[in-house]
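All remarks here apply to the structure that follows.
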Amino acid sequence: MGRADLVHPLINIGLWGMGPLAGFLAFAGCGLAGWQIMMGRKNWLTHLVPISWIVIYFLYTGTQFTKIMRYFLAIYPILAVMAAWLIITL
C-alpha cells in the first residue's frame, strides 16, 4: 500500500536481492537483449524466451497485492544469466 507497483520490486531486486553491481549488470543485460530483440540483430531469437519470462513474470507479480522479494525468486537465475551474457558480450 502506498508503493509504486513496479518500482518497489525493481529497487528491491537491484539493491537488496542481487546487490548493486549484479543488479545493474542484470538489468543492463536485459536492456541490451531487449534492444537486440527489437532491432532484429543477430541471434535475437536466443534472447526472446528469457526476456519474455522476465518481463511477463515481473509484470504479473509486480502488480499483485504483495510485492515481497521471495515471489520474484523465479527470475533471479535468468537475471544472473543476463548479467553473465552482458559481461561476455562486452
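As a basis for the values below, the full set of heavy atoms in this structure was taken, side chains included, without hydrogen atoms, waters or symmetry mates.
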**Study point:** Those residues that, when tested against F27, pass ring pair (Phe, Tyr, Trp, His ring centres under 6.0 Å) (two or more places apart)
**Key:** none
Review point. So among T61, V55, I56, T63, which one has a side chain to side chain contact (heavy atoms under 4.5 Å, CB included) with L59?
Key: V55
Review point. Would a hydrophobic clustering, with Ile, Leu, Val, Met, Phe, Trp and Tyr connected at side-chain separations under 4.5 Å, put L6 with I68?
Key: no
Point to revise | With sequence neighbours excluded, residues passing ring pair (Phe, Tyr, Trp, His ring centres under 6.0 Å) with W44 | key: none
Check your understanding: Can you find a heavy atom in the side chain of N12 that is under 4.5 Å from one in the side chain of H8?
Key -> yes
Point to revise | ring pair (Phe, Tyr, Trp, His ring centres under 6.0 Å) against Y71, all qualifying residues, sequence neighbours excluded | key: none
Check your understanding: So if you build clusters from Ile, Leu, Val, Met, Phe, Trp, Tyr with side-chain heavy-atom gaps below 4.5 Å, do I78 and L32 land together?
Key -> no
Check your understanding: Can you list every pair that meets side-chain hydrogen bond (donor to acceptor under 3.5 Å, both in side chains) and has a residue in residues 27-38, with sequence neighbours left out?
Key -> Q36-H47
Practice item. Could you check if a side-chain atom of I13 sits within less than 4.5 angstrom of a side-chain atom of I75, using non-hydrogen atoms only? Key: yes
Just list the side-chain donor-acceptor pairs under 3.5 Å for residues 79-90, sequence neighbours left out, or say none.
residue, atom, partner, partner atom, Å
W85, NE1, T89, OG1, 3.3
T89, OG1, W85, O, 2.7

Review point. Out of curiosity, L10 CG to L15 CG, how far, rounded to the nearest 0.5 Å?
Key: 10.5 Å
Enumerate donor-acceptor pairs with a distance under 3.5 Å from any side-chain N or O in residues 16-24 to protein atoms, sequence neighbours excluded.
none

Exercise for review: Give the minimum heavy-atom separation between A74 and W53, together with the two atoms involved.
Suggested key: O-NE1, 3.4 Å
**Study point:** Any side-chain heavy-atom pair of C30 and I54 under 4.5 Å
**Key:** yes
Exercise for review: Report whether I51 and V49 are members of the same hydrophobic cluster (ILVMFWY, side-chain heavy atoms less than 4.5 Å apart, transitive linking).
Suggested key: no
Check your understanding: Taking the inter-plane angle between the rings of F58 and F72 on a 0 to 90° scale, is it parallel (under 30°), tilted (30 to 60°) or perpendicular (over 60°)?
Key -> tilted
